[in-house]
Amino acid sequence: MKVLVIGSGGREHALVWKLAQSPSVDEIYAAPGNGGTETDSFKNVPIAADDIAGLVDFAKKNRIDLVVPGPELPLTLGICDKMKEAGIDCFGPDAYCAQLEGSKSFAKDVMAAAGVPTAACRVFDDLDKASGYVRQKGAPLVVKADGLASGKGVVVAQSVEEALAACEDMLGKGKFGAAGSRVVIEEMLPGEEVSLLCVCDGEEAWPLPSAQDHKAVFDGDNGPNTGGMGAYSPAPLLPDENLTEMAAKVAEPILREMKKRGHPFVGVLYAGLMIGPEGAKVLEYNARFGDPECQPLLMRLEGDLAALLKSCAQGRMDKNSVSFDKRSALGVVLAAEGYPGSYPKGMEISGLEQAEALDGVKVFHGGTKAENGKLVSSGGRVLCVTALGDTLGEARKQAYAALGKIEMPQSFNRTDIGGKGIARLARRQ
Ligand code: AMP
Ligand code: GLY
């Protein structure tokens, strides 16, 4: 089959890499792709991820059999609806279901209807009312822009002043534009975070092994939030034996609710969970694979990914087409200095071959492009250096060893990816 992967990050490189191993796949295109998704066999096509008409046109003309959108934007813009209208299988939710990620108030409403545990919240469109609520509740509080804000629209406020400033930024000053013209204010939940990604065909939510992201930019979870500085799987916080029970709590009720609303959920339902004293509560849903969670997860996936995704797009999931390697996988992001703020581009990258010569290592490209025969950086999260290991500790050792072979000026990485998981395992011994 011919596959079109939409997006240009590390997640999309991992998807292309794994789909290329599917016996059923003959051709893969990435739109717009990056320096890793263009190989001798596979091509990038210069169509932006939000150019829905252009993507549908390309898919029709090239007789694409399966479309796999990576990021959230094309999903909320209705890429799956439009592909379906054109008779093309698309592994992702329709625009209605994608609101689970695209609107935090919509997600809260669905969670309430479905009986999924989450933080208590109130929704506001009005600055005075929001501020009044903040003063009445007191800190700590979490203020969230309702719409998509590239992971930057959430303020965990430790003081009333901070929460008021966040409301003022979003509702008063229009910091996130329309995405912040409505805010969700919720209680702060204590605990540790973990990601549960379920592959869905509209009827069934199949939990993949757990993963843990590292959202803060610096070691020790310090500094502003990013898209994710590294991830590993499985997370000892959510072991394999608890996956089915967790999916029954946080994913299956959502699928039932969406089906009831006439919009069966197809694609990846990603639950961001806080595991605390009262058990698991949902912080957010994403309607797609996580980046960088996808990279270690796909390192562990064995079998025919294309067959799995195609069967889901057709509403008849075939789980038998894939299984998971028992080993751990861990990915470390190499970022450009300044990220998640402004950062330089065009730095030359070398040492990838030496890194990938190490056992069980794969380097996924995030923000790279080929220029005059060289590989240069073109984004904030440039690479995700990922390794498999018999234990989480081994995977971490190997990923950092591989990272050590790579050179790029004006770059940095977190040095503590996997630290919480390794500490948890040590406490158990
Ligand atoms: P979200 O985009 O909703 O997942 O929020 C981004 C990050 O903010 C999460 O990964 C958490 O670290 C933090 N966060 C969001 N909501 C809460 C909450 N209710 N309590 C504590 N931390 C939160
Ligand atoms: N790594 C978090 C996300 O993809 O949203």
Side-chain angles (χ1 to χ4, degrees), residues 7 9-12 14-15 69-73 75-76 98 100-108 111 117-122 137 139-158 162-163 166 176 179-180 183-197 210-217 221-233 235 250 267-278 280-298 331-333 335 340 364 366 380-381 384 414 417 420:
R11 163 185 51 210
E12 287 75 24
L15 284 164
E72 57 277 20
L73 189 55
L75 297 171
T76 56
L100 282 168
E101 173 162 6
S103 164
K104 292 198 186 282
S105 57
F106 177 89
K108 284 288 190 184
M111 281 189 258
T118 184
C121 80
R122 290 275 301 273
K137 279 304 232 189
L141 279 176
V142 184
V143 181
K144 303 184 174 186
D146 186 58
L148 293 179
S150 310
K152 292 171 193 159
V154 175
V155 175
V156 181
Q158 299 295 344
E162 225 183 312
F176 300 106
V183 299
V184 174
I185 303 182
E186 65 182 35
E187 60 174 330
M188 197 190 85
L189 298 174
E192 187 178 334
E193 287 176 60
V194 67
S195 307
L196 177 67
L197 282 71
S210 64
Q212 190 171 48
D213 189 13
H214 298 66
K215 286 200 171 121
V217 68
D221 292 337
N222 289 306
N225 268 352
T226 68
M229 294 297 292
Y232 62 92
S233 171
V250 304
V268 172
L269 182 64
Y270 164 143
L273 304 174
M274 185 69 93
I275 312 287
E278 293 173 12
K281 292 193 180 184
V282 173
L283 292 177
E284 64 160 349
Y285 286 109
N286 294 321
R288 51 171 174 81
F289 282 108
D291 185 346
E293 292 93 323
C294 185
Q295 290 84 314
L297 277 171
L298 292 190
V332 184
V333 168
F364 296 110
R381 291 192 291 172
C384 182
R414 274 184 67 158
I417 303 302
K420 281 191 211 131

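Predicted model, so just to flag it, every value in this text is computed and none were measured. All residue numbers in this chain count up from 1 along the given sequence. When a ligand or atom number is given, it counts from 1 through the structure's own listing order. All values below were derived from every heavy atom in this structure, side-chain atoms included, with hydrogens, water molecules and symmetry-related copies excluded.
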**Prompt:** Considering Lys144, Glu101, Glu193, which one's heavy-atom position lies nearest to atom 16 (N) of ligand 1?
**Reply:** Lys144
**Message:** Using a 4.0 Å heavy-atom cut-off, which part of Glu293 comes near ligand 2: side chain, backbone, both, or neither?
**Reply:** side chain
**Request:** Please write down residue, atom name and distance for the protein heavy atom closest to atom 17 (C) of ligand 1.
**Result:** Leu283 CD2, 3.4 Å
**Prompt:** So, is Asp291 polar-close to ligand 2, with some N/O to N/O distance under 3.5 Å?
**Reply:** yes
**Glu187 atom CD, over 12 foreign heavy atoms within 6.0 Å** = yes
**ligand 1-proximal atoms of Glu187, by part, heavy-atom distance under 4.0 Å** = backbone
**Complete:** Under 4.0 Å from one or more heavy atoms of Tyr270, ligand 2 contributes atoms 2 (C)
**Asked** Touching ligand 2 at all, Arg288? Heavy atoms, strictly under 4.0 Å?
**Response** yes
**Message:** Any nitrogen or oxygen of Phe289, side chain or backbone, less than 3.5 Å from one on ligand 2?
**Reply:** no
**Request:** Give the atoms of ligand 2, by number and element, whose distance to some non-hydrogen atom of Asn286 is under 4.0 Å.
**Result:** 5 (O)
**Request:** For Gly228 and ligand 2, answer yes if some heavy atom of the residue is under 4.0 Å from a ligand atom, otherwise no.
**Result:** no
**Request:** Look only at interatomic distance and state if Asp213 has a nitrogen or oxygen under 3.5 Å from any nitrogen or oxygen of ligand 2.
**Result:** yes
**Prompt:** Is the closest heavy atom of Cys294 to ligand 2 under 4.0 Å?
**Reply:** no
**Request:** Would you mind telling me if ligand 1 is within reach of the side chain of Glu284, the backbone, both or neither, using heavy atoms under 4.0 Å?
**Result:** side chain
**Request:** Before signing off on this row, confirm whether Glu284 and ligand 2 have an N or O atom pair separated by under 3.5 Å.
**Result:** no
**Message:** Please determine whether any non-hydrogen atom of Asn225 lies less than 4.0 Å from an atom of ligand 1.
**Reply:** yes
**Asked** Which one holds for Val154 and ligand 1: side chain close, backbone close, both close, or neither close, with close meaning a heavy atom under 4.0 Å?
**Response** side chain
